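The structure displayed is predicted, hence computed values, not measured ones.
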Amino acid sequence: MRFSPERVRRWSDPLGGYIHALHEFLWGSLHYEITGKDASGDLTYEGGWQTNRPAPMHKQYLYVENIFEELDSPGEWFLDKKRHILYFYPPPGLDLKNAVVEVARLKHLVEARGTAESPVRWIELRNFTFRHTRRTFMETREPLLRSDWRILPRRRVVSCGYGRLPRRELHVRSARRQLHLRQ
């Protein structure tokens, strides 16, 4: 692991944290879920399957997320899943009494499923704004793209906006005849 042993020792319970790193050759991003520490106190984690050409994480360009002891800058947060407490370091000037807190819980905003024998047809989405989906970077292991794009074959998405969606917004796969994407 590229974090100093001294720094990792400060982390009382890193389980459920994430490591985000660039690919060793700087062309893709890798993500790992921290599973804890081993008997010698070294960090344990799993992941890194988000690119088609597996390689180690970069030694310099990486960071951790959701580690309580690293909560040290405005705008950062830590979710203690065991105690159901969200810790938040507010930026200067934020009025917490009037702040709006939004939590993304849905994995898919729109999902249409069909088969080769009974395809989904004639769907048109118009004038929607898609935003606030939960992250899925640790769930997706698709061998071709290995991304968290969602599947939307044979539809029309017209005059729609995309905002605050993690990573990529739209995935089109397989039967994609008559697909029209316009903004």
| Any side-chain heavy atom of E69 within less than 4.5 Å of one from R7? | no
| request: Calculate, to the nearest 0.5 Å, the distance between atoms CE and NE2 belonging to M57 and H31 respectively. | output: 11.0 Å
| field | Closest approach of E76 to D72 (non-hydrogen atoms, all atoms of both residues) | value | OE1-N, 3.0 Å
| request: Show your reasoning for whether side-chain contact (heavy atoms from CB on, under 4.5 Å) applies to L86 and V103. | output: CA-CA 11 Å; L86 176 65; V103 178; 6.0 Å; no
| request: Specify the closest pair of heavy atoms between P92 and P74, including all atoms of both residues, with the distance to one decimal. | output: CD-CB, 4.1 Å
| task | Kindly work out whether a path of hydrophobic side-chain contacts (I/L/V/M/F/W/Y, heavy atoms less than 4.5 Å apart) joins L62 to L30. | result | yes
| Between F68 and F78, what is the ring plane arrangement, given parallel below 30°, perpendicular above 60°, and tilted in between? | perpendicular
| query | Taking C-beta and beyond as the side chain, do F88 and L94 meet within less than 4.5 Å on heavy atoms? | reply | yes
| query | Is it true that L106 and V101 fall in one hydrophobic cluster, defined by side-chain heavy atoms closer than 4.5 Å? | reply | no
| task | Using atom types as modelled and distance alone, determine if a side-chain donor or acceptor of T44 lies under 3.5 Å from a backbone N or O of D38. | result | no
| query | Atom CH2 in W11, atom NZ in K37: separation rounded to 0.5 Å? | reply | 8.5 Å
| message | With a 4.5 Å cut-off on side-chain heavy atoms, are W77 and N66 touching? | response | yes
| query | If you look at every heavy atom in Y45 and I34, which pair is closest and at what distance? | reply | CB-CA, 4.0 Å
| said: To the nearest 0.5 Å, what is the distance between CG on L15 and OG1 on T35? | reply: 7.5 Å
| Heavy-atom side-chain proximity of V8 to D42 below 4.5 angstrom | no
| request: Determine, step by step, whether W49 and M138 satisfy the side-chain contact (heavy atoms from CB on, under 4.5 Å) criterion, reporting the C-alpha distance in whole Å, the side-chain angles of both residues, the deciding distance to 0.1 Å, and the verdict. | output: CA-CA 8 Å; W49 50 71; M138 292 302 296; 3.8 Å; yes
| Should L96 and Y87 be regarded as members of a common hydrophobic cluster, given that ILVMFWY residues are connected when their side-chain heavy atoms come within less than 4.5 Å of each other, either directly or indirectly? | no
| said: Looking at every heavy atom in both H58 and A21, which two are closest together, and how far apart are they? | reply: N-CB, 4.5 Å
